[in-house]
Amino acid sequence: MISFSKNARVALYLIRSVIYISTVPIVFLCGGALGSCSAQEVLSGRSEAAELQKLEPALKFLRERNARTYAITTPNGIDEAIYVEIGGIEQWITIRGEDRNNPVLLFLHGGPGDATNPWGYAAFRSWLKYFTVVQWDQRGSGRTFGRNGAASASTITPDRMAQDGIELAEWVKKKLHKDKIVLVGHSWGSVLGFLMVKARPELFYAFVGTGQVAAEFARSSAVAYTALVERASREGNSQALAELKEVGPPPYKDGKGFGVIHKWANLFEGADVFLASALGFALYAPGYTIADINDWFDGQGVSGERLGPHFDELDRKLLGGELAIPVFVIQGAEDYTTPVSLARSYLDALHAPRKAFTTIEGAGHFAVFTKQDEFLKELRMRVLPLIR
């Protein structure tokens with residue numbers, strides 16, 4: 001195992017912290033799964049835990065409403081959610097689509113550990129007319145983490161997870177009677193997808209990366225810093241310029257610099273709004289509970305700690321690689337988390353029988369979710385002709 005560099009360790013911590021900070025006041029009321037109350041609560045005489053209980057009727061109403069709104073009602077549709085034994089443990093997957101005859105698309109979430117199932121029922125609803133979408137809570141993520149607990153942490157490695165993904169692809173093919181499937185990976189999922197396709201290309205029609213990881217963290221941060229300064233200058237954002245110039249370009253000796261980069265990347269991309277909406281859909285997810293949401297966040301922490309030490313090694317593996325199937329990168333034009341220029345260079349250096357790079361205007365690192373209909377248009381144009 002390669003030692004985890006200080007910069008990468010700090011950055012992962014900050015990335016998780018940014019998400020945590022935006023959501024803890026809602027989910028982790030009273031300090032961790034409704035635990036002890038704060039001094040402010042004591043002074044006000046109102047318990048956050050008690051206040052949360054008052055929300056239960058509203059949560060119940062919204063979950064029931066979402067169950068109806070996002071339901072699959074077509075005669076040949078499929079809507080299944082089950083635990084499947086993969087890699088020796090039970091792992092959570094969902095299968096949804098309006099027509100079982102449609103091509104199957106396996107979506108690999110990012111993070112590490114940031115399962116999309118808690119809110120993906122809404123995010124991918126428009127895709128279900130054209131694809132049967134399989135979402136998977138990867139080892140150490142979401143309900144898979146909740147089912148197996150921290151005891152499974154020692155098994156969270158890139159190689160083990162790539163093998164998990166291959167086993168899942170084989171299971172999906174057999175269950176849904178398909179020759180091959182489409183693979184889409186977001187952020188960390190773009191790394192995992194590369195490893196899966198590299199090992200077993202015959203399982204897949206094509207690989208689509210988005211929020212594409214394309215360079216080692218130090219280089220990616222340096223490119224992001226320059227792009228953020230240019231954006232702030234172009235828009236006359238004096239606060240962003242002042243904060244960015246105060247910390248200067250990376251590398252940094254502590255977490256302050258990475259915190260500033262991530263802050264302005266999130267704000268310029270509109271990611272803060274997206275993360276808040278994702279949490280809302282997770283809270284209102286049909287069949288989900290607060291315990292599931294806590295598992296969702298806990299899994300992100302554990303997965304980041306376990307996979308972080310491998311990132312530098314994986315970055316080297318990804319540069320200048322070769323894949324035996326068509327590869328497409330669909331990137332948000334304003335992605336500062338995984339910069340567009342690096343994603344383009346990555347694809348240029350990659351050897352594949354067919355490849356294409358495209359950007360979605362007005363979108364950032366989460367383009368696949370914030371501009372899902374435009375993303376779907378690209379999938380229909382580039383991927384469906386390979387199947388029919």
Side-chain angles (χ1 to χ4, degrees), residues 12-13 15-20 23 27-28 33 81-96 106-124 133-169 171-172 183-196 210-211 213 275 278-279 281-283 285 287-311 314 365-366 368-369:
L12 280 173
Y13 170 79
I15 289 170
R16 292 198 300 273
S17 296
V18 169
I19 298 175
Y20 244 69
T23 56
V27 181
F28 293 83
I82 55 176
Y83 285 101
V84 178
E85 185 168 328
I86 302 169
I89 65 172
E90 290 188 306
Q91 304 199 36
W92 180 253
I93 69 165
T94 59
I95 308 172
R96 285 168 53 82
L106 171 58
F107 186 81
L108 304 176
H109 65 70
D114 190 12
T116 49
N117 263 314
W119 45 272
Y121 66 94
F124 295 123
V133 176
V134 178
Q135 293 184 81
W136 163 40
D137 288 13
Q138 298 162 19
R139 182 178 296 257
S141 305
R143 280 185 164 171
T144 298
F145 177 79
R147 187 76 153 195
N148 299 281
S152 64
S154 63
T155 67
I156 301 174
T157 67
D159 289 342
R160 177 62 261 176
M161 294 178 70
Q163 184 57 39
D164 285 351
I166 289 167
E167 290 182 29
L168 175 58
W171 182 88
V172 168
L183 193 63
V184 178
H186 172 248
S187 197
W188 149 252
S190 72
V191 177
L192 181 58
F194 180 96
L195 298 176
M196 290 167 58
T210 183
V213 176
L275 291 170
L279 174 64
F281 278 112
L283 285 168
Y288 269 69
T289 66
I290 295 295
D292 290 318
I293 306 303
N294 280 326
D295 288 336
W296 181 34
F297 283 101
D298 288 345
Q300 291 178 48
V302 171
S303 294
E305 291 170 1
R306 298 297 305 184
L307 290 173
H310 298 273
F311 280 4
L314 291 174
H365 188 61
F366 299 102
V368 64
F369 311 117

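Numbers here are sequence positions counted from 1. The model shown is predicted, which means the values in this text are computed figures rather than measured ones.
Side-chain atoms of Ile293 and Leu283, non-hydrogen and from C-beta on, do get closer than 4.5 Å to each other. You'll find the side chain of Pro158 reaches within 4.5 Å of the side chain of Leu195, heavy atoms only. The shortest side-chain heavy-atom distance between Leu168 and Met196 does not fall under the 4.5 Å cut-off. Taking 4.5 Å as the limit, every side-chain heavy atom of Val213 sits out of range of all side-chain heavy atoms of Phe194. The shortest distance between side-chain heavy atoms of Gln135 and Phe124 falls below 4.5 Å.
Counting only distance, with no hydrogens or angles, the side chain of Arg139 and the backbone of Gly87 share a donor-acceptor pair below 3.5 Å. Proximity of a side-chain donor or acceptor of Ser303 to a complementary backbone N or O of Pro112 within less than 3.5 Å is not detected. Distance alone, capped at 3.5 Å, is enough to place a donor-acceptor pair between the Ser152 side chain and the Gly149 backbone. A side-chain donor-acceptor contact under 3.5 Å links Tyr121 to the backbone of Phe281. Under the 3.5 Å distance criterion, the side-chain polar atoms of Ser190 are left unmatched by any main-chain donor or acceptor of Thr210.
Ion pairing of Asp295 with Arg143 is absent here, as no side-chain N (NZ or NE/NH1/NH2) approaches a carboxylate O to less than 4.0 Å.
Smallest separation of non-hydrogen atoms from Thr144 and Gln91: OG1-CA, 3.4 Å. Of all the heavy atoms in Met161 and Leu307, the pair that sits closest is SD-CD1, 3.8 Å. Nearest heavy atoms, Ala81 versus Trp92: CB-CZ2, 3.5 Å. Smallest separation of non-hydrogen atoms from His109 and Ser141: CE1-OG, 3.4 Å. Nearest heavy-atom pair, Val302 versus Ala153, reported as atom, atom and distance to 0.1 Å: CG1-CB, 3.8 Å. Between Ala115 and Trp296, the closest heavy-atom pair is O-NE1, 3.0 Å.
Of the residues listed (Ile166, Ile86, Ile93), the one engaging Trp171 in a side-chain contact (heavy atoms from CB on, under 4.5 Å) is Ile93, and it is the only one.
Note: His186 and Phe107 have parallel aromatic rings, judged against thresholds of 30 and 60 degrees for the angle between ring planes.
Put simply, CZ on Phe297 and CG on Asp292 are 12.5 Å apart, with the number rounded to the nearest 0.5 Å. Summarising the geometry, atom NE2 belonging to His310 is positioned 6.0 Å from atom OG1 belonging to Thr157; distances are rounded to the nearest 0.5 Å.
Both tests pass for Arg147 against the ring of Tyr83: distance under 6.0 Å to the centre and angle within 45° of the axis.
Remark: Arg160 engages Asp164, Glu167 in a salt bridge (Lys or Arg N to Asp or Glu O under 4.0 Å) (not counting sequence neighbours). Remark: Trp188 pairs with no residue by the ring pair (Phe, Tyr, Trp, His ring centres under 6.0 Å) rule, at least two apart or across chains. Remark: Thr94 engages Asn117 in a side-chain hydrogen bond (donor to acceptor under 3.5 Å, both in side chains) (not counting sequence neighbours).
Side-chain N/O atoms of His365 and Ser187 include a donor and acceptor closer than 3.5 Å.
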